[in-house]
Amino acid sequence: MTPLQHLRAAVEDASAALRGDGAAAGGAPTVERPRRDGFGDYSTNAAMLLAPAVGRPPREIAERLGDALRESLGGALERYEVAGPGFLNLFLADGWFADALAHVLAAGDAFGSGGASAPERILVEFVSANPTGPVVAASGRHAAYGDALARILGFHGHEVAREYYLNDAGSQVRKLGESVRARARGEEVPEGGYEGDYVIELAREIPDAADGDPDELASIAVGLMYERIKATLERYGVTYDRFFSERSLYDGEPSPVQRAQAQLDRLGHTYRHDGALWLRTTTFGDDKDRVLERSNGEPTYFASDVAYLESKRDRGFTRQLNVFGADHHGYVARLKAAMEALGGDPETLEILIMRLVHFVEGGEREKMSKRRGVFTTLDELIDELGVDATRFFMLQRSHDTSLDLDLDLARKQSSENPVYYVQYAHARIASMLERAGEQVVADALAAAEAGTTGRREPLDPAERTLTKKLLAFPAEVGEAADKRAPHRLTAYALELAQDFTAFYRDCRVLGAEGEGVEAHRIALSVATKRTIARALGLLGVSAPDEMAREHDA
RNA sequence: GCGCCCGUAGCUCAGUGGAUAGAGCGCUUGCCUCCGGAGCAAGAGGUCGCAGGUUCGAAUCCUGCCGGGCGCGCCA
């Protein structure tokens, strides 16, 4: 149990005792850091929730809760105050902070992990851009988001697999083949074809492309693009358990697509109309029914989407997360309907819509676009900003709000740039620990973990603030996981770095006066270093032990 | 027209029931004998789109309106 969980349990126990049985719960009380330091280290609204059931004024109840906590927490509770409409503000003793730090140190690398109350088998599908061109810069947001989300969910205690759905079938792929052949012949690409320069490169790379069969060329070109996409993403720190081939859904007899359709037939959710095969998605809340197979016998993309959905269920995933672009939000209703039609629970299919990325430079906003082959690739963006800055900036905002990426700021190698600010704090700690020496650090850690530093000096406010920020980490991970919100950890990393910087400013660490003070502060610094590294790691951002000392440009 | 998302400081955005609403950037003013100045501090700056409602308490929940984005093919 973490220190905060212990505190919460004490509040809940006191609450339950006051309420007696029978009375309604009125919701779980909060135990949170109040906005202002004057309101205590932690604050609870338990008394206000209890008031209706107990039938006494909230402030009176708060007093009684405070008394009860003084009993149960003993010396850990320095004092309490009743404030405002009935808040109970808890001021904790230095000993509580020392114990809390010991807990963080004892947890080691596992600190903050495993908080999932109901572990699930989750498949995260993300990026899944068509293999008809390079990964564009804007896809860097999808990649960073899906990857960070997968890391966070895994750390939180879920079993996570990650997939890229490779659209290697269908008319877009054929168009790529036709475009390659046209370029090989020195011609313009056909109407609606791909105009990017990479098509010319493909034409050069593929032998005898000028005389090739478009389908065959398409297949080869898609293979080459797939390699490039994979390489770009790997460079970005993004790997997959599987690139799931759409074409494979048509392999075999019966194929997965046929099997899914057969199941839908059997359940009575399909019908023929105007020669096409329809899925009655309106039964499950969609606006209109959707075609699975066109009247010409060709399957729609929806047909393979449904089969893919079913494949994920077959493979035992209890939850599917799909990261889609904003232009795909119209598919949410039909996919959820398909899920339900197949006999699944639509609640277990979550479609996370990523809003657009705009790149801002010199105050000008430019939406990168793939049209007419004029685009900036993710590779070019990484060349420009580096992996760390690119990922950090892409992860600063909630997925459902559009993102303005300030290229000028992201390029800066100074503390104005948040990613450097966080990394700098980490490097600074590393440098300090290096100076302290291995043995001193090891001794300090052992003493802090065992509670034997012998420190009697009162804690500095900055030490309390920093410790509380560390203690908040497990809950932050939980929020980031449950709300599919990696950006919370981006903010957390920045806040933690800020609190460390304030601590470093106010509290001398090495050579600090007073018995056990240096040891305690070294231990606190180590815990901070580990937590910064962990938070950044969950975002896919590196935590270097040293930053280049000189900066030019 | 219908559906989904968004509207919070000059800009970009956190914050989805708690107290006097936050951060980064930008702006203003300061700080280098000192564990990394690639740093630090202070300050100015907000009717939380508008109007009702629920609640002891609303940026947060409900309803309506206004503004913006996206989507509404037997396209991919």
Side-chain angles (χ1 to χ4, degrees), chain A residues 27 30 32 34-36 38-39 43-45 48-49 51-52 57-58 83-87 89 130 132 167 169-173 175 192 273-278 286-288 290-302 325-334 351 353 355-356 358 360 363 365 393 396-406 408-409 412-418 420-421 423-425 427-436 483 485 487-488 490-492 494-495 498 501-502 504-512 518 521-522 525 546-551:
Chain A
T30 59
E32 61 187 8
R35 293 187 188 285
R36 303 180 55 198
F39 293 152
S43 174
T44 177
N45 66 353
M48 290 180 283
L49 297 178
F87 288 103
N89 297 335
N130 283 348
T132 50
N167 293 110
S171 61
Q172 290 305 304
V173 170
K175 268 183 190 141
H273 177 71
D274 287 346
L277 180 69
W278 297 70
D286 196 9
D287 287 345
K288 53 189 82 168
R290 307 291 171 179
V291 171
L292 289 167
E293 187 189 289
R294 302 187 186 97
S295 49
N296 66 6
E298 290 273 313
T300 62
Y301 270 72
F302 185 50
D327 54 342
H328 279 67
H329 79 252
Y331 299 121
V332 175
R334 80 187 61 165
I351 298 173
I353 299 297
R355 303 295 304 270
L356 292 176
H358 300 276
V360 177
R365 179 187 280 185
F393 273 72
Q396 278 192 101
R397 307 301 177 209
S398 167
H399 67 90
D400 63 5
T401 188
S402 64
L403 172 82
D404 277 27
L405 201 161
D406 185 337
D408 300 316
L409 180 61
K412 279 189 189 166
Q413 306 208 353
S414 75
S415 69
E416 293 156 89
N417 182 339
Y420 277 83
Y421 183 91
Q423 289 180 322
Y424 182 77
R428 182 182 251 176
I429 297 171
S431 164
M432 190 176 71
L433 297 175
E434 174 83 13
R435 177 185 278 251
K483 296 189 169 162
H487 73 278
R488 282 173 169 267
T490 317
Y492 176 80
L494 190 58
E495 289 164 13
Q498 282 170 331
T501 302
Y504 182 82
R505 178 189 70 239
D506 294 345
C507 303
R508 178 77 201 183
V509 178
L510 303 184
E518 180 187 61
R521 288 180 177 167
I522 286 176
S525 299
E546 53 185 76
M547 311 281 279
R549 295 231 178 207
E550 297 303 318
H551 71 299

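No experiment lies behind these values; they were computed from the predicted model shown. Just so it is clear: chains get the letters A, B, ... in the order the sequence lines come, proteins before strands, and each one is counted from 1.
Counting any heavy atom pair closer than 4.0 Å across all strands shown, A/Ala51 reaches no nucleic acid atom. As judged by a 4.0 angstrom heavy-atom cut-off over every strand, A/Arg397 is placed among the base-contacting residues. Within 4.0 Å (heavy atoms only), A/Ser43 reaches at least one base atom of the nucleic acid.
Going from the P atom of B/C65 to that of B/U55 covers 24 Å, rounded to whole Å. Rounded to a whole angstrom, the distance from the C1' atom of B/U54 to that of B/A42 is 42 Å. Taking atom P on both nucleotides, B/C32 is separated from B/U47 by 37 Å, rounded to a whole Å. For the C1' atom pair drawn from B/G30 and B/C6, the interatomic distance equals 40 Å after rounding to whole Å. For B/C72 and B/U28, the P atoms lie 47 Å apart once the distance is rounded to whole Å. B/G71 and B/C62 are spaced 26 Å apart, taking the C1' atom of each and rounding to whole Å. The same atom, P, is picked in B/U63 and in B/C2; the two are 15 Å apart, to the nearest Å. Taking atom C1' in both B/A9 and B/G36, one finds a spacing of 33 Å when rounded to whole Å.
The CD-P distance, from A/Glu416 to B/G24, rounds to 12 Å in whole Å. Residue A/Asp404 contributes atom CG, which lies 16 Å from atom P of B/G26 at whole-angstrom precision. As a whole-Å value, the separation of A/Tyr504 OH from B/C40 C1' is 12 Å. Atom OH of A/Tyr492 is separated from atom P of B/G15 by 17 Å (rounded to the nearest Å). Taking atom CD of A/Gln423 as the reference point, atom P of B/G24 lies 18 Å away to the nearest angstrom. The CD-P distance, from A/Glu32 to B/G22, rounds to 14 Å in whole Å. Rounded to an integer number of Å, the gap from CD1 of A/Ile353 to P of B/C4 is 13 Å. Put simply, CE on A/Met48 is 9 Å from C1' on B/C56, counting in whole angstrom units.
The base of B/A19 sits within donor-acceptor range of the side chain of A/Asn89, with an N or O pair under 3.5 Å.
OP1 and OP2 of B/C6 both lie 4.0 Å or more from every side-chain N or O belonging to A/Ser398. A close approach under 4.0 Å does not occur between any side-chain nitrogen or oxygen of A/Lys412 and OP1 or OP2 of B/G24. Taking 4.0 angstrom as the limit, A/Arg35 places a side-chain polar atom (N or O) nearer than this to OP1 or OP2 of B/A19. One finds a side-chain N or O of A/Arg488 lying less than 4.0 angstrom from the OP1 or OP2 phosphate oxygen of B/G15.
Side-chain atoms of A/Ile353 and A/Asp400, non-hydrogen and from C-beta on, never get closer than 4.5 Å to each other. Side-chain contact between A/Tyr420 and A/Met547 is present, with heavy atoms from C-beta onward closer than 4.5 Å. Contact check for A/Leu409 versus A/Glu416: side-chain heavy atoms found under the 4.5 Å cut-off. The shortest side-chain heavy-atom distance between A/Trp278 and A/Leu292 does not fall under the 4.5 Å cut-off. For the pair A/Thr501/A/Arg428, a side-chain contact is recorded, criterion being any heavy-atom separation below 4.5 Å from C-beta on. Between A/Arg435 and A/Met432, every side-chain heavy-atom pair lies at or beyond the 4.5 Å cut-off. Between A/Ser171 and A/Glu298 the shortest side-chain heavy-atom distance does not fall below 4.5 Å.
Here A/Leu356 contributes atom CG and A/Asp327 contributes atom CG; the two are 8.0 Å apart, rounded to the nearest 0.5 Å. Taking CG of A/Asn130 as the reference point, atom NZ of A/Lys175 lies at 11.0 Å (rounded to 0.5 Å). Atoms CG and CZ, on A/Asn45 and A/Phe87 in that order, are 6.5 Å from each other to the nearest 0.5 Å. We find the CG-CZ distance between A/Leu403 and A/Arg355 to be 11.5 Å, quoted to the nearest 0.5 Å.
In this structure, A/Phe87 packs face-to-face on the six-membered ring of B/A19, meeting both the 5.5 Å centre cutoff and the 30° plane limit. Residue A/Tyr424 and nucleotide B/G36 are not classified as a stacked aromatic pair, given the requirement of ring centres less than 5.5 Å apart at an interplanar angle below 30°.
Across every strand in view, B/C2 sits in a pair with B/G71 that passes the Watson-Crick or G-U test at under 3.5 angstrom. The partner of B/U54, taking Watson-Crick or G-U wobble pairs whose two distances both stay under 3.5 Å, does not exist in any strand shown. Nucleotide B/C48: unpaired (no Watson-Crick or G-U wobble partner with both distances less than 3.5 Å). Across every strand in view, B/G22 sits in a pair with B/C13 that passes the Watson-Crick or G-U test at under 3.5 angstrom. Using N1 to N3 plus N6-O4 or O6-N4 for Watson-Crick, or N1-O2 and O6-N3 for G-U wobble, each under 3.5 Å, B/C32 pairs with nothing.
With a glycosidic angle no further than 90° from 0, B/C32 counts as syn.
Along RNA chain B, the nucleotide closest to A/Arg355 and the one closest to A/Leu403 are compared, and the more 5′ of them pairs with A/Arg355. Heavy-atom distances to RNA chain B give each of A/Gln396 and A/Met432 a nearest nucleotide, and the one nearer the 5′ end belongs to A/Gln396.
Side-chain proximity of A/Ser402 to the nucleotides B/G37, B/C35, B/C13 is greatest for B/C13.
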Quick test: give all pairs of protein nitrogen or oxygen and nucleotides 41-49 of chain B nitrogen or oxygen below 3.5 Å, distance rounded to 0.1 Å.
from	atom 1	to	atom 2	distance (Å)
B/A41	OP1	A/Arg505	NH1	2.9

At under 4.0 Å between heavy atoms, how does the protein contact nucleotides 71-76 of chain B? Give one character per nucleotide, 5' to 3', with B, S or -.
SSSBBB

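When all heavy atoms of A/Ala512 and A/Arg521 are compared, the closest pair comes out as CB-NH1, 3.9 Å.
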